[in-house]
Peer 1: 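Shown below is the structure under consideration.
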Amino acid sequence: MTNVAILGAGGIARKMAETLRLMKARGDGVELYAVGSRDKARAEAFAREEGFQKAYGSYEELLLDNQVELVYIATPHSHHGEQIEQCVRHRKAVLCEKSFTATAAQAERALALAKEKGVLVTEAIWTRYVPMRGMLNDLLASGAIGTPRLLTANLGYTIRDKERIRRPELAGGALLDVGVYVLNFAAMTFGNDVERMESSVRMMDTGVDLQESVTLHYGDGRMAELMATAACNTSRRCWIYGDRGCLEVDNVNNPRRATLYANANDPASVVRVIDAPPQLTGYEYEVLSCLRALKTGALECPEMPHQETLRIMRWMDALRRSWNMKYPFE
Ligand SMILES: NC(=O)c1ccc[n+]([C@@H]2O[C@H](COP(=O)([O-])OP(=O)(O)OC[C@H]3O[C@@H](n4cnc5c(N)ncnc54)[C@H](OP(=O)(O)O)[C@@H]3O)[C@@H](O)[C@H]2O)c1
């Protein structure tokens, strides 16, 4: 049984709590052990409502509990780097929400410390861990659409008014919140041989990005056309086009269905529909990967190697640099 603790009693923490309850009921070997919040009353309410054994009114207190084995960090991006380091210093394994940190420099620092101390740290970018990812890659590798040439993916929600999204000191903006998913989708599908990036952006009045389009140009001529926005809900659809067909993926934030067409401009040319296996919430796969790593003593998860976390952070740094966008703490 692995004792899991959650840092930050907010929105996604509730979803993880539900996931852990379902995993526990299924016999996956997780214990809903502790929650830590800056506010003791919030921690207590969360623990009571979600079924955790312990509630702490500070993160430091939670980390001093030697029963805690795995910490899920569910706070704003601005705080991830420092909190990962705190967990590592207390020898707690870490599953940290996306975006892993606010800057690549923070990610480098946190991962170097984890390596030095020999502690498991991984990024909770759930789309990397879901089984559909391997199914899509196998399908593309089998030549189902011929040679892939172009992909397009979008992700957006009407979230511009959330404090965590609006405020630069919380490393807000669309890029780190939703852009990270489309960048990961491109990296998982087309790899990392990116020659150059082009982008355009609209900013919020607070100085963070509201929405952007990004084109990744690959060395062999492939292109990934990506859109991310905090201003509206989008279709979340992805299309991967090849010279002998195309694949539609629904959706980029949790791929549940892929439809293979012989011809992208003939909706009747469906060859095959592939559905993802049933899931608890979809967040269980990242937790299961941590449990496997803890069992074997691995310091990173194969679904999201540290090098990939760093690569995506560097891409996001480069995009922000090209927009002259800096967080106040940089
Ligand atoms: N994987 C997904 O599908 C998914 C979905 C949504 C969000 N996320 C990610 O999860 C993380 C948290 O997102 P969320 O929507 O859950 O955020 P949230 O509800 O706004 O905040 C989560 C927690 O962060 C702490 N916090 C909030 N504002 C803070 C501030 N000004 N200073 C310091 N701490 C603050 C609070 O912890 P206390 O309880 O200690 O006060 C709060 O409960 C982000 O990294 C986000 O990108 C992932």
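Counting starts at 1 for both ligands and their atoms, following the listed order.
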Peer 1: Provide the number and element of each atom of ligand 1 under 4.0 Å from a heavy atom of D177.
Peer 2: 46 (C), 47 (O)
Peer 1: Taking atom types as modelled and ignoring hydrogens, do the side chains of Q83 and T75 form a donor-acceptor contact shorter than 3.5 angstrom?
Peer 2: yes
Peer 1: Any idea which atoms of ligand 1 are less than 4.0 Å away from a heavy-atom of Y59?
Peer 2: 37 (O), 38 (P), 40 (O)
Peer 1: With a cut-off of 4.0 Å, which atoms of ligand 1 are near a heavy atom of H80?
Peer 2: 45 (O)
Peer 1: What protein heavy atom is closest to atom 25 (C) of ligand 1, reported as residue, atom name and distance in Å?
Peer 2: P76 CD, 3.6 Å
Peer 1: Kindly determine whether D65 and Y33 satisfy side chain to side chain donor-acceptor pair (under 3.5 Å), including the steps that lead there.
Peer 2: CA-CA 10 Å; D65 181 331; Y33 181 67; 2.7 Å; yes
Peer 1: Looking at ligand 1, does L170 have a heavy atom less than 4.0 Å from it?
Peer 2: yes
Peer 1: Give a yes/no verdict on whether any heavy atom in F46 is under 4.0 Å from an atom of ligand 1.
Peer 2: no
Peer 1: Donor-acceptor pair, distance only, cut-off 3.5 Å: does the side chain of R272 make one with the backbone of L260?
Peer 2: no
Peer 1: Which of the atoms in ligand 1, numbered in the order shown and given with their element, are less than 4.0 Å from a heavy-atom of Y283?
Peer 2: 1 (N), 2 (C), 3 (O)
Peer 1: Going by heavy-atom distance to atom 10 (O) of ligand 1, choose the closest among I12, T127, V178.
Peer 2: I12
Peer 1: Heavy-atom contacts with S37 under 4.0 Å: which atoms of ligand 1 show up? List them by number with element.
Peer 2: 38 (P), 39 (O), 40 (O), 41 (O)
Peer 1: Run the numbers for me: atoms of ligand 1, each under 4.0 Å from some heavy atom of Y181, listed by number.
Peer 2: 1 (N), 2 (C), 3 (O)
Peer 1: Return the option from H79, R38, R164 holding the heavy atom at the smallest distance from atom 30 (C) of ligand 1.
Peer 2: R38
Peer 1: Using modelled atom types and a 3.5 Å cut-off, is there a donor and acceptor pairing between side-chain atoms of R222 and backbone atoms of F190?
Peer 2: yes
Peer 1: Going by atom types only, do N253 and N251 share a side-chain donor-acceptor pair under 3.5 Å?
Peer 2: no
Peer 1: Considering only heavy atoms of H77, which atoms of ligand 1 have at least one such atom less than 4.0 Å away?
Peer 2: 44 (C), 45 (O), 46 (C), 47 (O)
Peer 1: Walk me through whether E69 and K92 qualify under salt bridge (Lys or Arg N to Asp or Glu O under 4.0 Å).
Peer 2: CA-CA 6 Å; E69 294 173 285; K92 310 294 189 202; over 6 Å; no
Peer 1: Determine whether any heavy atom of Y56 lies closer than 4.0 Å to an atom of ligand 1.
Peer 2: no
Peer 1: Does any non-hydrogen side-chain atom of M16 lie less than 4.5 Å from one of V287?
Peer 2: yes
Peer 1: Is the F46 to F52 ring centre distance short of 6.0 Å?
Peer 2: yes
